[in-house]
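Numbers here simply count residues along the sequence, with the first being 1. These figures come from a predicted structure and were not determined experimentally.
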Amino acid sequence: MIGAQVARAFHRAGTRVVIADINEKGGQAIANELGPNALFVRTDLTTDAQVTACVEKTVSIFVGIDFLVNLACVYIDNAIASTRQEWLDSYNVNVVGGVMMLQAVRPHMVKRGGGAVVNFGSISAKVAQTGRWLYPVTKAAILQLTRNEAMDLAADKIRVNSVSPGWTWCRLMDDLTHGDRAKTDKVGGAFHLLGRVGDPDEVAQAVLFLCSSHASFITGTDLAVDGGYSAMGPEMTEPAIPKLMQ
């Protein structure tokens, strides 16, 4: 859902959009919805040849590349029971895949005089969450990676930032609650100062901002799009002291 909304937000802003995804049915559906200024290219980020082919096709059709949004992710996570292969698979998609895509697009951004990159972190990168190791650790790696990329690509006039969403309405929440957004807000609301989970378009608008000229002096930064989750701490929104008097 978030990826689709990012594509829609850029399209509404007048940007030609390429959707690189392993999900052919879903990716093609969004491209069809957006029309001739959108292109779907089936891309497995763990395969360098497919990454290269995606970038080459993008440039051949749309001439150049100005922006890159890395949001592909796998949610394999069995905490301490996770196998070596599951660790490697998680890093391969969540971290390395975006690096390979950036390597491939960088020369084309340089030709255009610069560009902007947005990586996807998460609130999970900054706190411990029971039963979750792989996802939070790879997301924490992305935040450090973003700083390193921003430093080394500044001379190319390529800005690199990340967004860290809080609980955001997504396919998983939709499936688990059978489409009950009110229930999702009730469960997740206590973890966010704004009392609800986020909408995918709210995350998409933050990504669009970081790629825009309004963010021309912002690089190496993580933008929390989390409804106050990271500002709150462990006590949530319920007063703790009165509980001592009950």
Side-chain angles (χ1 to χ4, degrees), residues 1-10 15-23 26-27 30 38-48 50-55 57-59 65-76 89-110 114-125 134-154 156 158-165 168 170 200 203-212 215 218-225:
M1 289 185 178
I2 296 176
Q5 286 302 111
V6 169
R8 292 183 181 112
F10 274 81
T15 302
R16 292 172 291 186
V17 176
V18 175
I19 302 164
D21 200 330
I22 200 169
N23 180 353
I30 298 300
L39 173 69
F40 170 74
V41 182
R42 188 188 185 284
T43 308
D44 182 347
L45 290 179
T46 67
T47 304
D48 291 345
Q50 291 193 28
V51 170
T52 300
C54 174
V55 172
K57 187 169 184 178
T58 298
V59 174
I65 298 174
D66 298 295
F67 313 115
L68 172 64
V69 181
N70 286 316
L71 51 75
C73 181
V74 292
Y75 293 93
I76 304 166
D89 289 344
S90 293
Y91 265 98
N92 204 8
V93 175
N94 297 2
V95 182
V96 181
V99 174
M100 296 299 104
M101 186 63 78
L102 178 54
Q103 282 185 1
V105 304
R106 178 189 177 192
H108 302 286
M109 287 186 171
V110 170
V117 179
V118 177
N119 298 322
F120 263 66
S122 171
I123 54 171
S124 300
L134 280 64
Y135 180 78
V137 169
T138 55
K139 288 300 182 179
I142 287 171
L143 300 190
Q144 180 59 40
L145 174 66
T146 297
R147 291 187 283 267
N148 292 351
E149 290 174 341
M151 176 171 284
D152 286 348
L153 298 182
D156 294 332
I158 297 174
R159 296 183 299 103
V160 187
N161 294 289
S162 61
V163 293
S164 285
T168 305
C170 61
V203 179
Q205 292 303 318
V207 175
L208 189 64
F209 161 72
L210 288 173
C211 287
S212 74
I218 302 175
T219 194
T221 293
D222 180 61
L223 177 58
V225 192

Between Leu102 and Leu153, is any pair of side-chain heavy atoms under 4.5 Å apart? yes
So CD of Glu149 and CD of Gln103: to nearest 0.5 Å the spacing works out to 9.5 Å
Nearest heavy atoms of Ala206 and Leu223, plus distance in Å: CB-CD2, 3.9 Å
Is a side-chain N or O of Asn161 found less than 3.5 angstrom from the main chain of Ile218, in a donor-acceptor match? yes
Is Ser212 reaching over with its side chain to a backbone N or O of Leu210, donor-acceptor style, under 3.5 angstrom? no
Does a side-chain heavy-atom distance below 4.5 Å link Thr219 with Thr221? no
Distance, nearest 0.5 Å, that separates OG of Ser124 from OH of Tyr75: 9.0 Å
As a quick check of understanding, evaluate side-chain contact (heavy atoms from CB on, under 4.5 Å) for Asn70 and Leu68, giving each step before the final call. CA-CA 6 Å; Asn70 286 316; Leu68 172 64; 3.6 Å; yes
Cys211 and Phe10: side-chain contact (heavy atoms from CB on, under 4.5 Å), yes or no, with the steps? CA-CA 10 Å; Cys211 287; Phe10 274 81; 3.7 Å; yes
Contact between Cys54 and Arg42 at the side-chain level, heavy atoms closer than 4.5 Å - yes or no? no
Closest heavy-atom pair, Gly121 versus Pro165, reported as atoms and distance to 0.1 Å, is O-CD, 3.6 Å
Residues Ser122 and Ser164: closest non-hydrogen pair is N-OG, 3.2 Å
Closest non-hydrogen atom pair between Ala7 and Ile30, with its separation: CB-CG2, 4.2 Å
When you compare the side chain of Thr168 with that of Met1, does any pair of heavy atoms fall below 4.5 Å? no
Does the Gln50 side chain pair with the main chain of Asp44, one donor and one acceptor, at a distance under 3.5 Å? yes
Between atom NZ of Lys139 and atom CD of Gln144, what is the distance when rounded to the nearest 0.5 Å? 15.5 Å
Between Ser162 and Asp222, a side-chain donor and acceptor under 3.5 Å: yes
In this structure, CG of Asn94 is separated from CG of Asp89 (nearest 0.5 Å) by 10.0 Å
I want to check something: taking the side chain as every heavy atom from C-beta on, are Val51 and Leu45 in contact at a cut-off of under 4.5 Å? yes
Applying side-chain contact (heavy atoms from CB on, under 4.5 Å), run through Ile76 and Tyr135 and close with a yes or a no. CA-CA 7 Å; Ile76 304 166; Tyr135 180 78; over 6 Å; no
What residues, two or more places apart in sequence or in another chain, satisfy side-chain hydrogen bond (donor to acceptor under 3.5 Å, both in side chains) together with Arg8? Gln5, Glu33
Keeping Asn119 on the side-chain end and Leu143 on the backbone end, is there a donor-acceptor pair under 3.5 Å? no
So, for Phe209 and Ala215, which heavy atoms are closest and what is the spacing to 0.1 Å? O-CB, 3.3 Å
Taking NZ, NE, NH1 and NH2 as the nitrogens, is one of them in Asp156 or Arg106 under 4.0 Å from a carboxylate oxygen of the other? yes
Taking C-beta and beyond as the side chain, do Ile2 and Val6 meet within less than 4.5 Å on heavy atoms? yes
Find out whether Phe120 and Val207 are in side-chain contact, i.e. whether some heavy atom of one side chain is under 4.5 Å from a heavy atom of the other. yes
Distance-minimising heavy-atom pair for Met101 and Ala20: CE-CB, 4.4 Å
In the structure I gave you, are the side-chain heavy atoms of Lys57 and Leu39 within less than 4.5 Å of one another anywhere? yes
Given the rule in the side-chain contact (heavy atoms from CB on, under 4.5 Å) test, do Val55 and His108 qualify, once you have shown the distances and angles that lead to the verdict? CA-CA 9 Å; Val55 172; His108 302 286; 3.6 Å; yes
